[in-house]
Amino acid sequence: MTQASVPARALRISPVALRQKVTQQLERHRNGSAYPVMLLRAEPVWPHDPIVLLPDGRTAHVVACESPLAIWDQLVADRPDEVLVLLTDLAESALGDGVRSRVFRHRVIAVEPWDLVVDAFGARQPDSALEQEVWAGEALVDAMPPSGWPKLATPVLTRDVALRHLAAVRLGLDRRGGGPDDLDVEALLRWSAEPGAVEAFGLLRAAERDGLTKWLTSQYGSPARALFALVAAGHGDEALPLGLVCHAVWRTSDSDAIRARGRIDQYFGKLDDDTTITGFADAVVQVVHGMLSEPEGRRHGHAVLDRAEELLIQFGAVSSAADSPILRTGFTRRIGAAAHALLAALRNPAEQALDAAVSSLAEHELAASESERVRRIEMAQRLVRWLSADVQPPASVADGVDRQIADWGWADVAIDHVWAGDDAHPELQAAFRAIYGRAQERRRAMDEAFAGRLQAWATAGPGNDGGLLTVENLLPRVVEPLLRADRRVLLVVLDGMSAAVAIQLADELSQHWVEYDPLAGPEAGRRRGVVAALPTLTAVSRTSLFAGALRSGTQDNEKRFFAGGRWGKDAKIFHKGPARGGAGEMFAGELADAVADSGSLVAVVINTVDESLAHGREGSEAGWQLGDIGFLRSLLDLARSSGRAVIITSDHGHVLERGGEKVRAADVASARHRTGVGPAEPGEVELSGPRVVAPENRIIALWDPLLRYQSSKAGYHGGASLAEVTIPLLAFLLPHVTDVPAGWSAVEVRRPLWWQPQSAPTTTAAEVPSPTPKPRRRPAVAAGETLFDIPQPPAAPTTQDDRADLVDELKKSELFAAQHALTPRRLDVKKVEAALRALVEAKGVLPAAVLTERAGEIPARATGFVSTLQRIFNVDNYPVLTLIDDGRTVRLDIRLLREQFRLSGETS
């Protein structure tokens with residue numbers, strides 16, 4: 001031990017250090033009394049419990065003695081069986097022989113920090129670098145945790161190990177569940193933001209404070225140097241918000257930024273190093289990013305952002321933060337840029353800035369916490385693309401219904417989001433208004449054209465539907481074949497569900513169910529629409545649904561239809577009242593029993609959507625989710641456990657109140673139709689014929705979604721618009737079902753082209769592996785997708801000859817033959833060929849169930865089938881074939897397929 005390591009003054013000793021020192025002395029020197037008096041040279045201060053329990057069960061009584069007389073008082077006093085420890089800073093020469101003769105080892109025992117520290121760590125000696133840190137010995141003694149320092153496996157205690165443990169204690173890493181191994185730049189910066197942390201650091205002895213600062217800055221470079229410069233200048237607790245400001249200001253060189261730098265430099269005291277500040281700022285951005293992504297740190301992260309905005313104003317640096325990828329100012333500017341680009345693209349479809357502006361907004365750090373706001377902007381972007389495309393009016397009722405399901409219903413989803421608007425940004429609000437207005441004009445034009453087709457079709461009556469599915473033949477054509485095949489069915493009627501609502505629910509349901517087209521036959525499956533009865537009211541259309549014929553009635557009528565045995569003797573129907581359970585029940589026990597038992601058909605009516613039209617919905621967010629629809633989620637869970645096929649449909653759609661106008665008319669029968677004499681006025685259409693369930697088989701209905709006959713509500717039905725007349729049909733089976741009903745085919749849900757980004761990413765970062773071999777050529781990787789988005793692959797061959805050439809060339813490839821031979825279960829090459837052709841024809845993206853079915857396998861084997869295809873195509877683990885959209889969709893990268901198998905054609 002070097003002489004320099006022994007302090008010139010008595011040390012203040014902690015209970016942990018005292019316990020260790022006393023135990024060490026008693027073990028090393030066992031002669032004499034079992035309960036000696038021990039004089040320790042330490043500061044005569046003891047604010048702790050005077051009784052300290054020793055490891056061997058004895059107790060030590062600690063007394064601080066500032067004078068020889070105080071020591072004599074303890075020596076002559078009667079005391080129980082305990083070790084008496086007297087703390088004194090007196091020299092031995094001041095005590096005399098009488099005192100020394102009566103104490104342990106006849107001397108004052110020095111408390112040497114390194115002796116204690118090395119022993120505490122289970123080592124034999126410190127290294128020379130640690131001994132040179134004179135301040136560290138006392139600090140390590142003082143900071144020793146209650147359980148002592150951890151025992152090391154090495155005989156030498158090194159400087160970095162000891163100081164890392166010391167820093168972990170002084171920075172309170174244990175309060176965040178960390179330890180010495182977690183000490184890094186992030187831990188330092190997070191420490192600075194803890195209430196009172198920087199202040200507590202300032203209360204350390206100056207030597208320890210300076211020593212720790214020097215060591216930490218040597219370990220962690222620029223971020224630590226800048227941080228402790230702020231601490232020294234009295235601004236350490238603002239390190240995170242100040243770092244965000246620096247990140248913005250040091251990224252630009254305009255005059256405002258230069259002036260702001262001068263003001264900010266004062267916060268760093270003597271530090272004048274741009275490289276250090278930029279390194280510090282970059283580290284802060286990463287730390288705040290982590291805070292915002294953690295549920296437990298999100299609130300603190302937003303508080304940091306709020307303070308950073310205040311500092312921007314204080315330093316006159318608001319304009320310099322316009323490009324910040326994390327500050328609120330940068331996010332607001334990107335919203336402004338997106339709003340400007342939306343308006344520009346609306347005026348001029350050739351404008352190219354919109355996609356870049358929206359992508360830039362989505363990449364901002366705050367996009368995640370402002371997800372609904374960003375989603376509305378993305379919806380506006382989609383509508384701009386929709387408006388820029390040429391749209392022909394419906395050629396027939398069947399054409400209109402099909403396009404409402406496949407295209408225009410998606411536009412309704414986007415319109416609902418845009419209508420919801422923005423609460424703060426005037427330019428964005430103006431863009432939303434303009435886009436909504438244009439979109440609503442187009443929808444009105446489509447509805448007007450459809451009304452004319454509907455008028456002619458209704459007049460012609462049954463037999464003129466060309467195979468079109470109507471509400472009264474839905475059960476005979478879809479449900480009855482299942483019942484004849486002894487298939488158990490759950491029929492859910494979401495009263496008032498429109499195509500737009502169905503699109504959103506189906507997307508969520510596809511995570512656990514496979515959607516089928518029950519009328520596909522030999523054709524590819526698609527989602528179908530159903531034509532409602534006229535007028536589009538519950539009393540007419542829902543009654544017709546359950547009756548299997550055009551009727552008007554009530555719930556009692558619907559119950560009689562089921563009781564009459566048309567849909568089987570054991571068929572049961574549950575309406576709003578009987579379906580609801582009592583206290584503590586999600587739904588009635590009778591409904592749960594019916595779904596669980598062997599009965600063939602259980603029909604359940606859920607009125608959530610229809611009731612929202614009358615009473616509105618809580619909250620301002622647009623769109624529908626599964627959790628919004630009563631007990632539907634729990635009902636489907638029960639159907640899944642019971643192995644039922646699920647049919648989800650409606651009795652009519654609806655239009656929403658969007659600042660419409662009330663029309664005065666006589667003989668008003670609902671908010672959207674009347675029975676009075678004609679002629680039809682603007683916005684109306686006269687409908688007559690066998691499909692009109694009304695007196696004299698005639699009504700006048702509103703086709704204009706902005707008109708109504710009655711007082712304002714949240715939404716309406718009864719009219720002749722596409723959104724009211726079109727009923728969506730969703731059919732689902734579980735993924736593992738092997739006995740798919742005859743005529744059923746998995747649905748390939750194709751989002752409209754305008755829904756997709758113009759330059760969609762080829763894959764996500766999470767999908768890209770890190771293989772060791774160097775690829776022949778590697779495609780670029782871009783960011784992830786938003787809800788409803790499935791990435792589109794790179795440009796693929798479009799002609800039949802090109803597709804044939806690609807598949808034929810691949811079949812002749814030696815590499816393909818080798819890969820195919822390596823599969824654990826030899827897959828029929830014809831199925832591989834069929835799968836590849838299906839993917840190429842679909843431009844590289846298909847639902848897994850659809851792909852499996854197209855290849856000749858049953859959808860229940862989709863997981864294993866796709867896994868085998870990946871073994872064949874993903875040479876060297878490169879993502880030629882990947883699962884995306886939470887494993888529901890397969891994506892083929894055609895360019896990478898050509899590269900990996902060295903096929904001809906475009907590969908760059």
Side-chain angles (χ1 to χ4, degrees), residues 471-472 474-476 478-480 482-483 487-497 501-502 505 509 513 530 532-533 537-549 551-614 624 626-652 727-732:
V471 69
E472 72 274 15
L474 190 154
L475 264 65
V478 175
V479 175
E480 266 192 328
L482 297 176
L483 302 180
R487 173 83 61 169
R488 295 196 298 163
V489 180
L490 171 65
L491 172 64
V492 181
V493 179
L494 300 182
D495 199 323
M497 177 178 66
V501 176
L505 293 181
L509 286 171
W513 297 81
V530 183
L537 298 175
T538 298
V540 173
S541 208
R542 198 176 77 193
T543 302
S544 299
L545 168 69
F546 288 128
R551 297 285 187 274
S552 177
T554 63
Q555 288 187 14
D556 291 337
N557 299 115
E558 295 165 5
K559 292 176 182 177
R560 284 199 296 273
F561 296 140
F562 267 65
R566 169 73 189 271
W567 313 119
K569 294 181 179 179
D570 56 359
K572 295 181 180 179
I573 185 171
F574 293 86
H575 291 89
K576 177 179 176 180
R580 289 187 174 175
E585 296 178 323
M586 182 62 69
F587 40 73
E590 184 181 355
L591 171 57
D593 293 342
V595 176
D597 71 18
S598 59
S600 297
L601 175 61
V602 178
V604 182
V605 178
I606 299 179
N607 298 87
T608 306
V609 177
D610 196 49
E611 289 176 349
S612 75
L613 304 180
W624 287 88
L626 189 58
D628 299 327
I629 311 292
F631 51 77
L632 179 59
R633 185 193 301 276
S634 298
L635 185 63
L636 294 178
D637 287 343
L638 185 59
R640 180 165 58 242
S641 63
S642 303
R644 288 184 178 269
V646 174
I647 307 292
I648 301 177
T649 190
S650 180
D651 50 357
H652 55 74
I727 298 171
L729 173 63
L730 305 175
F732 296 100

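The residues of the chain are indexed from 1 along the displayed sequence. These numbers come from a predicted model, not from an experiment.
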Rounded to the nearest 0.5 Å, what separation is found between the [atom1] atom of [X] and the [atom2] atom of [Y]?
X      : Y      : atom1 : atom2 : answer
Leu490 : Leu636 : CG    : CG    : 6.5 Å
Asp637 : Leu632 : CG    : CG    : 9.5 Å
Glu480 : Leu475 : CD    : CG    : 7.5 Å
Leu601 : Leu483 : CG    : CG    : 5.5 Å
His575 : Lys559 : NE2   : NZ    : 6.5 Å
Leu482 : Leu491 : CG    : CG    : 10.5 Å

Problem set entry | Non-hydrogen side-chain atoms of Asp610 and His652 separated by less than 4.5 Å | yes
So, does [X] use its side chain to make a donor-acceptor pair with the main chain of [Y] at under 3.5 Å?
X      : Y      : value
Ser544 : Arg551 : yes
Trp567 : Phe546 : yes
Arg542 : Val605 : no
Arg644 : Leu638 : no
Asn607 : Asp495 : no

Problem set entry | Name of the residue among Ile727, Ile648, Ile606 meeting side chain to side chain contact (heavy atoms under 4.5 Å, CB included) with Met497 |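 The single option meeting the side chain to side chain contact (heavy atoms under 4.5 Å, CB included) with Met497 is Ile648.
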Exercise. So which of Ile629, Thr649, Leu730 actually passes side chain to side chain contact (heavy atoms under 4.5 Å, CB included) with Leu494?
Worked result: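 The side chain to side chain contact (heavy atoms under 4.5 Å, CB included) with Leu494 is passed solely by Ile629 among Ile629, Thr649, Leu730.
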Do you know which two heavy atoms are closest between [X] and [Y], and how far apart they sit?
X      : Y      : result
Val540 : Ala533 : CG1-CB, 3.7 Å
Ile647 : Ala731 : CD1-CB, 3.7 Å
Asp628 : Thr608 : O-CG2, 3.3 Å
Ser650 : Gly496 : OG-N, 3.2 Å
Gly599 : Asp597 : N-OD1, 2.9 Å

Exercise. Does a donor on one side chain sit under 3.5 Å from an acceptor on the other, for Asn557 and Thr543?
Worked result: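 Not at all, the side chains of Asn557 and Thr543 share no donor-acceptor pair under 3.5 Å.
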For this session: Starting from the C-alpha separation in whole Å, work towards a yes-or-no answer on side-chain contact (heavy atoms from CB on, under 4.5 Å) for Val646 and Arg640.
Result: CA-CA 9 Å; Val646 174; Arg640 180 165 58 242; over 6 Å; no
Exercise. Between Glu590 and Lys572, is there a side-chain N and carboxylate O pair less than 4.0 Å apart?
Worked result: no
